[in-house]
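Predicted model, so just to flag it, every value in this text is computed and none were measured.
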Amino acid sequence: MDFLKVNGKKNLNGSIKISGAKNAALPLLTSTILAKNSVNISNLPNVVDIRTLLKLLGMLGASYNHDNTNISIDTISLDKTTATYDIVKTMRASILVLGPLLSRFGHCEVSLPGGCAIGQRPVDLHLKALEQMGATIVIKSGYIVANAPDGLRGATIVFDKVTVTGTENIVMAAALAKGTTTIINAAKEPEVVQLCEVIRDAGVKIEGIGTNTLTIEGTCGELLDFKDFEIIPDRIEAGTYLCVGAITNSILKIENVIPTHLDAVLNKFEEMGYMILKEPTTITICPANKISPVNIVTTEYPGFPTDMQAQFMALATMANGVSVIDEKLFENRFMHVSELVRMGADIKLNGTVATITGTPKKLLGTDVMATDLRASSALVIAALVADEETRIHRIYHLDRGYDRLEEKLTSIGADIVREKE
Ligand code: UD1
């Protein structure tokens, strides 16, 4: 197993180029199950989650040529409809094959993802919506067994909660259904928007893209004619590197971003005293005279993303005063707290609310454990300002979602190396 060794307190500056968005690439790759042609996709992030999904699509019978950031994928030959436990257990987002497999083949079996480090994370809303579209679903031996022998039919779906992958699964299911599907309380994340745009460009009439009501006219089983496309930049990777600039109080330029995707995050940096310069595809963060504390409530897009909560908690440990972070989406997304406390942070947890009493220059390096993807990046951010050496273990979590993290950080002056346990 690999670990990262970070020596903090280095002066950082320069620019970092952001990779394609993992959470956009995952549903976009599974959406190619709906294609009648081979599809060229560019700006794929080179991360483990993408390779895991490609392995799953390969096991289902898809063929592809993949060179890290570009892929040509062909699902015409896809002939299996079972997503097995051994792969789904390593990546919950495998659930994104459910909607497209069921709508194309009228049958599929997908292992239940189960819990994960950040909470229970059920998929009940995905299943209920597919049942409303005419599917029969039973849970058998840990598998979701879904059948719709006569095809799915359009329905009006009202999601009880805003769910990102739930919305994506139903958009993909509705694309080949008979009739019109309306999704009320749909997710509006940029990743959902890109999926809708790609499916629309492939010939499906979709209205309301980017709003919380989507109307999709299905093709009644006819496969789609996909155009080539490029994955949008990863707003969470961009936000993570902006936190790197913020905590080290450096001037850092983030390239290949869509600044409007980060509005809620950029507002919080400004509230903390940083100056943010936006250009059409870059964001530059400039040092704060005094880092102010911040109050954050995580919520659905366009609100503050839960995927940036851990990184801002690391940053808040350096603020002059008390910050409060309320995690509204996931019940157990505070695994990084105990690790930050081991580094000397003063953080109190009460239910979903963390209170961070910041003290500049207080963190001290030690051995810490990465627990999930974003918690891991919070530990890297903290390590960059800690005294002495920090060793971050179990970094396979980081490799799931950050493309060449050490290389990007080294290029701006960080002292970070990967070693074997
Ligand atoms: C996606 C993102 C993840 C991000 C999250 C919230 C991907 C691959 N992952 O995860 O990085 O943190 O959105 O922005 O895009 N819920 C239910 N029942 C369901 C589905 C969801 O109760 O059937 C609940 C969840 O437990 C959670 C909330 O709804 O409390 C939102 O979860 P959801 O948006 O579905 O998260 P994911 O799509 O899994």
Side-chain angles (χ1 to χ4, degrees), residues 1-7 16-30 41 43-58 64 66-71 86-96 113 116-118 121 165 191 231 233-241 243-244 254 256 305-311 314 333 335-336 339 367-384 389-412 414-421:
M1 231 188 278
D2 293 353
F3 71 102
L4 286 177
K5 215 161 77 177
V6 183
N7 275 297
I16 288 184
K17 190 159 184 272
I18 297 307
S19 301
K22 168 182 84 74
N23 285 355
L26 293 170
L28 285 164
L29 281 169
T30 66
I41 307 174
N43 203 33
L44 273 185
N46 187 7
V47 297
V48 170
D49 271 9
I50 297 299
R51 294 195 284 279
T52 304
L53 184 64
L54 289 176
K55 188 171 162 200
L56 171 57
L57 291 171
Y64 50 82
H66 178 213
D67 76 354
N68 296 335
T69 56
N70 297 296
I71 192 167
D86 55 337
I87 203 138
V88 177
K89 74 169 190 232
T90 64
M91 188 183 68
R92 296 191 84 264
S94 310
I95 192 72
L96 285 165
C116 74
I118 66 172
R121 295 184 82 174
T165 50
E191 297 77 20
I231 307 279
D234 195 315
R235 64 194 167 100
I236 304 301
E237 189 198 14
T240 301
Y241 288 118
C243 281
V244 166
I254 307 298
N256 187 32
T306 172
D307 285 353
M308 284 303 304
Q309 179 258 105
Q311 300 90 315
R333 199 167 200 177
M335 307 286 276
H336 44 285
E339 302 303 295
D367 288 281
V368 287
M369 192 93 86
T371 47
D372 71 59
L373 175 57
R374 307 305 170 185
S376 317
S377 62
L379 298 177
V380 173
I381 290 167
L384 291 172
E389 184 179 278
T390 305
R391 290 161 302 279
I392 305 167
H393 303 274
R394 297 204 183 162
I395 54 159
Y396 54 84
H397 291 292
L398 270 175
D399 294 335
R400 285 188 37 217
Y402 285 95
D403 185 358
R404 292 170 290 123
L405 177 104
E406 309 98 272
E407 188 185 317
K408 292 188 186 190
L409 284 175
T410 305
S411 77
I412 56 165
D415 180 351
I416 177 168
V417 288
R418 178 180 291 251
E419 294 197 352
K420 296 264 174 232
E421 299 277 7

inquiry  = As an exercise, state the distance from CG of N68 to CG of L44, rounded to the nearest 0.5 Å.
reply    = 9.5 Å
key: Euclidean distance, S376 OG relative to M369 CE, rounded to 0.5 Å   = 11.0 Å
query = Is any side-chain heavy atom of D307 closer than 4.5 Å to a side-chain heavy atom of R235?
reply = no
request  = Under the side-chain contact (heavy atoms from CB on, under 4.5 Å) rule, what do T306 and R374 come out as? Steps first, then yes or no, please.
outcome  = CA-CA 9 Å; T306 172; R374 307 305 170 185; over 6 Å; no
query = Between P233 and A21, what is the shortest heavy-atom contact and its length?
reply = O-CB, 3.6 Å
task = May I ask you to test the M308-T240 pair for a side-chain heavy-atom distance under 4.5 Å?
result = yes
ask   = Quick check: does any side chain N or O of Q309 sit under 3.5 Å from a backbone N or O of R333, one acting as donor and the other as acceptor?
value = yes
task = Would you check, one step at a time, whether the test side-chain contact (heavy atoms from CB on, under 4.5 Å) holds for I95 with V88?
result = CA-CA 7 Å; I95 192 72; V88 177; over 6 Å; no
ask   = Near M91 CE, under 6.0 Å, is it more than 12 heavy atoms from other residues, nucleotides or ligands?
value = yes
query = Does the S19 side chain pair with the main chain of D403, one donor and one acceptor, at a distance under 3.5 Å?
reply = no
inquiry  = Restricting to non-hydrogen atoms, name the atom on S94 and the atom on L56 that form the minimum distance, rounded to 0.1 Å.
reply    = CB-CD2, 3.8 Å
key: Closest non-hydrogen atom pair, I381 against C243   = CD1-CB, 3.6 Å
query = Just wondering, do L4 and V380 contact through their side chains at under 4.5 Å, heavy atoms?
reply = yes
remark   = Applying ring pair (Phe, Tyr, Trp, His ring centres under 6.0 Å) to F3 and not counting sequence neighbours gives H393
query = Is the closest side-chain heavy-atom distance between I416 and T410 below 4.5 Å?
reply = yes
request  = Would you check if R92 and T165 make a side-chain contact, meaning some heavy-atom pair closer than 4.5 Å?
outcome  = no
query = Could you walk me through whether V244 and I412 pass the side-chain contact (heavy atoms from CB on, under 4.5 Å) check?
reply = CA-CA 10 Å; V244 166; I412 56 165; 4.2 Å; yes
key: L379 side chain near T390 side chain, heavy-atom distance below 4.5 Å   = no
remark   = For S377 and Y402 the tightest heavy-atom approach is OG-OH, 3.1 Å
Non-hydrogen side-chain atoms of R391 and V368 separated by less than 4.5 Å = no
inquiry  = K5: which residues meet the salt bridge (charged side-chain N to carboxylate O under 4.0 Å, His left out) condition with it, sequence neighbours left out?
reply    = E419
inquiry  = I'd like to know if the side chain of E406 reaches the main chain of R418, judged simply by a donor and an acceptor atom lying under 3.5 Å from each other, with no hydrogens or angles considered.
reply    = no
inquiry  = Strictly distance-based, threshold 3.5 Å: is any side-chain N or O of N256 a donor or acceptor partner for the main-chain N or O of I18?
reply    = yes
key: CZ (R394) with more than 12 external heavy atoms under 6.0 Å   = no
Got a list of side-chain donor-acceptor pairs under 3.5 Å for residues 47-55, not counting sequence neighbours?
| residue | atom | partner | partner atom | Å |
| --- | --- | --- | --- | --- |
| D49 | OD1 | R400 | NE | 2.9 |
| D49 | OD2 | K22 | NZ | 3.4 |
| D49 | OD2 | R400 | NE | 3.4 |
| D49 | OD2 | R400 | NH2 | 3.0 |
| R51 | NH1 | N46 | OD1 | 2.6 |
| T52 | OG1 | V48 | O | 2.9 |

ask   = Do you know which two heavy atoms are closest between G20 and D234, and how far apart they sit?
value = O-CB, 3.6 Å
inquiry  = Which heavy atom of T90 sits nearest to which heavy atom of D86, and what is that distance?
reply    = CG2-O, 3.6 Å
